[in-house]
Amino acid sequence: MSTGKHGISDKLKGTEKNIWVDFGKLAAECKALNLGQGFPDFMPPQHVLDALVNAAKSDNVTVNQYTRSQGHPRLVKALAKLYSPLIGQTIDPMSQLLVSVGAYGALFCAIQGLVNPGDEVIIIEPFFDCYEPMVRVAGAVPRFIPLRPTKSGKTTSSADWKLDPQELESLFNEKTKLILMNTPNNPLGKVFTKDELELIAGLCIKYDVVCIADEVYEWLVYKANKHIKIASLPGMFERTLTIGSAGKTFNVTGWKLGWTVGPEHLMLGMRTMHQNCNYTCPTILQEAIAASFEVELGRLDSPDSYLHQLPVDLEPKRDRLAQMLQDVGMSPVIPEGGYFMLADISTFDTPTSDEDEPKDFKFVKWMTKEKKLASIPPSAFYSKEHKHMGENFIRVCFIKEDATLQKAEQILKEWKSSLGK
Ligand code: PMP
Ligand code: GLN
C-alpha cells in the first residue's frame, strides 16, 4: 500500500534496516547470552557514579537547567586539558570543542555540517555501520576501500588487515570532501600504525580533504600497541575532526555523551547543525563527566588511572574469548584495540534459511536461536559490493563479567561436543 504523503521521506529510503534494532530484538526474544551489541555488563567506575550523585545532590540549581549549546563549560575545559597534550596543540575549550548526543550525534552533525550533495566521502571498511546511511542521507557519494587480511590461519591479528596504498589513492579526486576513519576500529579492533596514519594524512593534504577520526575506543589499546591521533600529525590538526565518547571512556554507554575536537572553521557546520537539532546535551551528565575527567587528569600517570587500567583488565577477557572460539573451530582475529573480536566461521555450514541474506546473517540468527549465544554479523560493516568480505565472520563483544564469559564457554563447549570434536 502506498503511504503517499504520510510515508518515509525519499532521502531516508534504503536506510530503514538497522542491525542494532534487529539483532538486539532477536537476542532478547531468544533470551540468548548477549555478546552482540557492545556494552559492558558491569558497573561503571565508582567515581563516575559518585560524580553524578554529587551533581544531583548539590545545591547548584544550574546543573538542572540548559547549559551552553556547544558544551557545558566545565566539561569542555576538562576535555581541552586532556586533549591538548595528546594532539600537541593548545585546544581552546570554547571554540574548538563541541559536546553532542553520543559519538553518533557528533558523526551526524559533522557529516551534515560539511558535505554537499554530490561530494564524495571515502569510507574505510569494515566501518561502524551508521557511516554509510549518514553519508547517503546528506546526499554525498560514499567510496569504499576495504582493509584486506594479509594472513590466514587459526589465529591472526587485526594488524594483518591492511590498506592498499595505490587503491586508496585511486579514490581521491577533486570531488573528495571527507575521509571517515576509525582507530581503534570497530568491528576489527585494528589500531592504525603511524605509517598507516601518515599515508592517510599525506593524501588528505595532497587532495585537500577533511578527515573525520572516530576515536571512541582511544583508551582501549592492548599491550604493545599505541593509539596515535591523526590530528597530531603535521598539517592534520587544521583538517581533522576527532570524535570521542563518554560511553566508551567510562563504560556508561547509556549516557550518550560524545564530543568533537577540531579547528573552529571545521566546527562551524557541525555546530550549526547541533544547535538546531539538539541545541544542548543534558547538563547534569556533562557535569558528572567533567568531574570524572578532573579525577582522571590528576592521575593520568598513576596505576590508579581508570583510562589506563581498563585495557589491562580487558586483555585477559579478550584472550579467554579467543581461546574458546578457537576450541569450537572458529579462527579469531585478535584485536589490538577496542572490545570486539572477529572470528572466522568458514569451516561451519551455512544454516538453511528462507531469507536472501549473507551467510553471517543466517549464521548469527541460527546461533542466537539454537545455541542461545548472540553476536553481530560483520557484513553489516561493509558496502553492498564488499559484503562477501565480512560474511565468513561473526563479531563478538568481550567487555563482559567473567561469569558471562564462563557461560559463553559452557555454550561453546557443549556445541563442540555436539560436533563430535
Ligand atoms: N563510533 C564507533 C566506532 C562506535 O563503536 C560507536 C558505538 N557506540 C559510536 C561511534 C557511537 O558512540 P556513542 O554510543 O557515544 O553514540
Ligand atoms: N558501538 C556499539 C557496538 O558496535 C553500540 C552500537 C549501537 O549503540 N548502535 O556494538
Side-chain angles (χ1 to χ4, degrees), residues 15 17-28 34-41 44 48 71 75 79 98-111 123-135 147 158 180-192 211-221 227 230 241-261 270 274 277-278 281-282 285-286 289 314 335-342 364 368 374-382 390 393-400:
T15 65
K17 285 225 146 277
N18 181 291
I19 46 162
W20 314 109
V21 174
D22 295 348
F23 284 86
K25 183 165 168 261
L26 182 69
N34 197 351
L35 303 186
Q37 188 186 24
F39 60 87
D41 63 353
V48 175
L75 178 57
L79 289 169
L98 178 75
V99 177
S100 53
V101 182
Y104 263 103
L107 287 160
F108 176 77
C109 292
I111 294 167
I123 301 181
I124 299 173
E125 296 172 303
F127 56 86
F128 185 52
D129 66 307
C130 68
Y131 296 177
E132 181 178 356
M134 283 188 187
V135 166
L147 286 156
S158 56
L180 273 164
M181 56 107 43
N182 171 215
T183 184
N185 171 276
N186 175 10
L188 181 59
K190 181 182 173 69
V191 175
F192 283 71
C211 177
I212 294 187
D214 178 344
E215 300 185 0
V216 298
Y217 302 101
E218 62 193 309
W219 300 102
L220 285 166
V221 174
H227 171 66
I230 195 165
L241 291 172
T242 305
I243 295 177
S245 164
K248 308 294 163 176
T249 305
F250 290 118
N251 284 325
V252 288
T253 61
W255 290 21
K256 292 297 296 185
L257 268 193
W259 49 80
T260 306
V261 189
M270 68 181 304
H274 170 76
C277 75
N278 293 116
C281 294
L285 295 180
Q286 295 193 64
I289 293 297
L314 287 184
E336 303 154 278
Y339 46 57
F340 304 109
M341 186 183 305
L342 294 185
V364 167
T368 309
S375 67
I376 292 292
S379 64
F381 303 108
Y382 284 89
F393 295 90
I394 56 170
R395 190 200 80 168
V396 275
C397 172
F398 55 87
I399 187 156
K400 301 293 172 189

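As the structure is a computational prediction, the values presented were derived from the model and not from experiment. Both counts, for ligands and for their atoms, begin at 1 and track the order of listing.
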Inset, instruction - Would you check whether F23 reaches within less than 4.0 Å of ligand 2, judged by its heavy atoms? - result: no
Inset, instruction - If you have a sec, work out which protein heavy atom is nearest atom 10 (O) of ligand 2 and how many Å separate them, to one decimal? - result: G38 N, 2.6 Å
Inset, instruction - Answer with side chain, backbone, both or neither: which part of Y104 has a heavy atom less than 4.0 angstrom from an atom of ligand 1? - result: both
Legend entry - Region of I376 that comes within reach of ligand 2 [heavy atoms, distance under 4.0 Å]: neither
Inset, instruction - Look only at the side chain of T183 and the backbone of F192, and say whether a donor-acceptor pair between them is shorter than 3.5 Å. - result: yes
Legend entry - Pairwise distance CZ(F398) to CE(M341) - rounded to 0.5 angstrom: 5.0 Å
Legend entry - Atoms of ligand 2, numbered as shown, that sit under 4.0 Å from any heavy atom of R395: 3 (C), 4 (O), 10 (O)
Legend entry - Protein residue, atom and distance nearest to atom 4 (C) of ligand 1, heavy-atom basis: Y217 OH, 3.6 Å
Legend entry - Those atoms of ligand 2 less than 4.0 Å from some heavy atom in Y217: 1 (N)
Legend entry - Distance-only donor-acceptor check, side chains E336 and S158, under 3.5 Å: yes
Inset, instruction - Ignoring angles and geometry beyond distance, decide whether A103 reaches within less than 3.5 Å of ligand 1 through its nitrogen or oxygen atoms. - result: yes
Inset, instruction - Would you mind checking which non-hydrogen protein atom is closest to atom 2 (C) of ligand 2, with the distance to 0.1 Å? - result: K248 NZ, 3.6 Å
Inset, instruction - Just say parallel, tilted or perpendicular for the rings of Y217 and Y339, cut-offs at 30° and 60°. - result: perpendicular
Legend entry - ligand 1 N/O within reach of Y131 N/O, cut-off under 3.5 Å: no
Inset, instruction - Return yes if some donor-acceptor pair links the side-chain N/O of Q286 with the main-chain N/O of C281 below 3.5 Å, else return no. - result: yes
Legend entry - Side-chain touch N185/P126, heavy atoms, less than 4.5 angstrom: yes
Legend entry - I243, N182, T253, D214: member with heavy atom nearest to atom 2 (C) of ligand 1: D214
Inset, instruction - Establish, yes or no, whether the cationic atom of K400 lies under 6.0 Å from the six-membered ring centre of F39 and within 45° of the ring axis. - result: yes
Legend entry - Close side-chain approach of L188 and P335, heavy atoms under 4.5 Å: no
Legend entry - Heavy atom of the protein closest to atom 9 (N) of ligand 2 (residue, atom name, distance): Y104 OH, 2.8 Å
Legend entry - Interfacing atoms of ligand 1 (cut-off 4.0 Å, heavy-atom, N186): 3 (C), 4 (C), 5 (O)
Legend entry - Gap separating the NZ atom of K256 from the CG atom of L285, nearest 0.5 angstrom: 12.5 Å
Legend entry - Residue and atom name of the nearest protein heavy atom (relative to atom 7 (C) of ligand 2), distance in Å to one decimal: Q37 NE2, 3.4 Å
Inset, instruction - Give the ring-plane orientation class for Y131 versus F127, where under 30° counts as parallel, over 60° as perpendicular and anything between as tilted. - result: parallel
Legend entry - F381, portion touching ligand 2 at heavy-atom distance under 4.0 Å: neither
Inset, instruction - Please verify whether a non-hydrogen atom of F39 lies at under 4.0 Å from ligand 2. - result: no
Inset, instruction - Measure the distance from atom 9 (C) of ligand 1 to every protein heavy atom, then report the residue, atom name and distance (to 0.1 Å) of the closest one. - result: F128 CE2, 3.4 Å
Legend entry - Among S375, S379, P378, the one residue meeting side chain to side chain contact (heavy atoms under 4.5 Å, CB included) with V364: S375
Inset, instruction - Could you name the option among K256, E215, Q37, K248 that has the heavy atom nearest to atom 8 (N) of ligand 1? - result: K248
